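Below: the structure, in structure tokens.
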Amino acid sequence: MARVRYIGAEPVTVPELGDRTVQPDELIEVPDDRFEGYVCQPQTWESVDEPKADQPAPKKMTTAAKAATSKEG
């Protein structure tokens with residue numbers, strides 16, 4: 001999760017966060033894929049922690065029986 005700081009002057013309600021009220025100078029966590037939607041508003045939001053670099057997907061695990069079946073076919 002990325003973090004942003006609300007730099008507006010008045011509290012705001014953020015529908016995307018379940019109608020949460022965010023206070024001036026408050027840090028909040030936002031989903032990595034929504035980070036750009038906040039920081040593209042530099043008069044309102046400030047980047048604190050950017051999303052982590054994409055990590056490779058975990059390796060797909062197979063059972064020994066499935067692996068054996070695959071080799072036979």
Side-chain angles (χ1 to χ4, degrees):
M1 296 279 271
R3 293 192 317 159
V4 294
R5 179 187 321 275
Y6 173 60
I7 57 175
E10 300 289 325
V12 294
T13 301
V14 182
E16 183 175 64
L17 301 175
D19 289 329
R20 175 179 170 187
T21 300
V22 179
Q23 301 295 321
D25 202 41
E26 184 176 353
L27 292 176
I28 62 168
E29 287 188 344
V30 297
D32 288 350
D33 63 340
R34 292 294 303 135
F35 176 77
E36 290 299 324
Y38 288 87
V39 297
C40 73
Q41 305 170 66
Q43 72 283 2
T44 308
W45 300 98
E46 172 183 74
S47 172
V48 176
D49 289 325
E50 293 187 9
K52 304 232 182 316
D54 288 340
Q55 296 180 7
K59 291 184 178 180
K60 191 173 183 178
M61 302 293 283
T62 59
T63 63
K66 187 174 181 180
T69 304
S70 297
K71 290 179 183 177
E72 291 174 9

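FYI, side chains are in, hydrogens and waters are out, and symmetry mates aren't considered; it's all heavy atoms of this structure. Nothing here was measured: the structure is a model prediction, and the numbers come from that model.
Tracing side-chain contacts under 4.5 Å through hydrophobic residues (I, L, V, M, F, W, Y), one reaches Val39 starting from Leu17; they form part of the same cluster. Using a 4.5 Å cut-off between side-chain heavy atoms of Ile, Leu, Val, Met, Phe, Trp and Tyr, with links allowed through other members, Ile7 and Tyr38 fall into different hydrophobic clusters.
Counting heavy atoms from C-beta outward, Met1 and Arg3 have side chains that stay 4.5 Å or more apart.
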(message) Is there a side chain to side chain contact (heavy atoms under 4.5 Å, CB included) between Val4 and Ile28? Walk through the geometry before answering.
(response) CA-CA 6 Å; Val4 294; Ile28 62 168; 3.6 Å; yes

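Pairs passing the ring pair (Phe, Tyr, Trp, His ring centres under 6.0 Å) check and including a residue from residues 3-23, sequence neighbours excluded, read Tyr6-Trp45. Applying the salt bridge (charged side-chain N to carboxylate O under 4.0 Å, His left out) test to pairs two or more places apart or on separate chains, those with a residue in residues 7-24 are Glu16-Arg34, Arg20-Glu26.
With rounding to the nearest 0.5 Å, the separation of OG in Ser47 from CZ in Phe35 is 3.5 Å. Distance CG/Asp33 to CD/Glu36: 11.0 Å, rounded to 0.5 Å.
For Gln23, there are no side chain to side chain donor-acceptor pair (under 3.5 Å) partners two or more places apart in sequence or in a different chain. Looking at residues two or more places apart in sequence or on another chain, you find a salt bridge (charged side-chain N to carboxylate O under 4.0 Å, His left out) between Asp25 and Arg5. The salt bridge (charged side-chain N to carboxylate O under 4.0 Å, His left out) search around Asp32 returns none, not counting sequence neighbours.
Between the side chain of Glu46 and the main chain of Pro42, no donor-acceptor pair closer than 3.5 Å is present.
For Pro24 against Pro11, the heavy-atom pair with the smallest separation is CD-N, 3.9 Å.
Taking Ile, Leu, Val, Met, Phe, Trp and Tyr as members and joining any whose side-chain heavy atoms lie under 4.5 Å apart, directly or through other members, the hydrophobic cluster of Val48 also contains Leu27.
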